[in-house]
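Since the structure comes first, as structure tokens, the remarks are kept for the end.
Just so you know, residue 1 is the first one in the sequence shown, and it goes up from there. Keep in mind it's a predicted model, so treat the numbers as computed, not measured. Reckoned from all heavy atoms, side chains included, excluding hydrogens, waters and symmetry mates.
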Amino acid sequence: MSNNLRADKRGAHRTEYAKNRKRILLSCNVCAICGKPVDKSLKFPHPMSATVDHIIPIDLGGHPSDISNLQLAHNACNRAKSNKIKKDDNLKCEIITNRDLPNSINFDDYRG
């Protein structure tokens with residue numbers, strides 16, 4: 001095994017990452033970056049296929065396998081985000097995600 005592999009692809013984090021990746025793919029249906037539904041029937045390398053994104057990139061100090069650092073994303077959204085984290089004037093990191101948004105609307109209260 002090559003030492004050039006990322007921490008989530010080798011060593012102690014590999015198993016935990018695989019379990020958490022599976023959990024996210026089973027439980028989430030909306031891209032955490034763009035907020036649109038993810039069609040899980042599409043396979044890589046389709047740009048709208050499902051992938052698991054590291055909210056804080058590993059090379060910027062993000063945990064490689066912690067589920068709180070993983071989110072569902074389209075392949076194209078994940079590639080566009082790359083390893084970016086927005087920073088504000090107070091030098092606090094603002095994560096590029098909408099993971100806290102609800103996955104659906106309560107249509108009982110909808111008056112459109």
Name all residues meeting the side-chain hydrogen bond (donor to acceptor under 3.5 Å, both in side chains) criterion together with K40; count only those two or more places apart in sequence or in a different chain, and write none if there are none. N29

Run the side-chain hydrogen bond (donor to acceptor under 3.5 Å, both in side chains) test against S41 and tell me which residues pass, sequence neighbours left out. D39

Looking at [X] and [Y], what are the two nearest heavy atoms and their distance?
X: L72; Y: I24; value: N-CG2, 3.7 Å
X: H74; Y: K36; value: CE1-O, 3.6 Å
X: L70; Y: Y17; value: CD2-CE1, 4.0 Å

Using a 3.5 Å cut-off and no angle test, enumerate the donor-acceptor pairs between side-chain atoms of residues 59-67 and protein atoms at least two apart in sequence or in another chain.
from	atom 1	to	atom 2	distance (Å)
D59	OD2	N83	ND2	3.0
H63	ND1	S65	N	3.1
H63	ND1	D66	N	2.9
S65	OG	H13	ND1	3.0
S65	OG	E16	OE1	3.2
D66	OD1	S68	N	3.4
D66	OD2	S68	OG	2.9

With K22, the side chain to side chain contact (heavy atoms under 4.5 Å, CB included) member among L25, L26, N20: L26

Tell me which one of V38, D53, N75 satisfies side chain to side chain contact (heavy atoms under 4.5 Å, CB included) with C31. V38

Within a strict 4.5 Å, meaning less than it, do heavy atoms of the T51 and F44 side chains meet? no

Could you tell me the separation between the NZ atom of K81 and the NE2 atom of H54, rounded to the nearest 0.5 Å? 9.5 Å

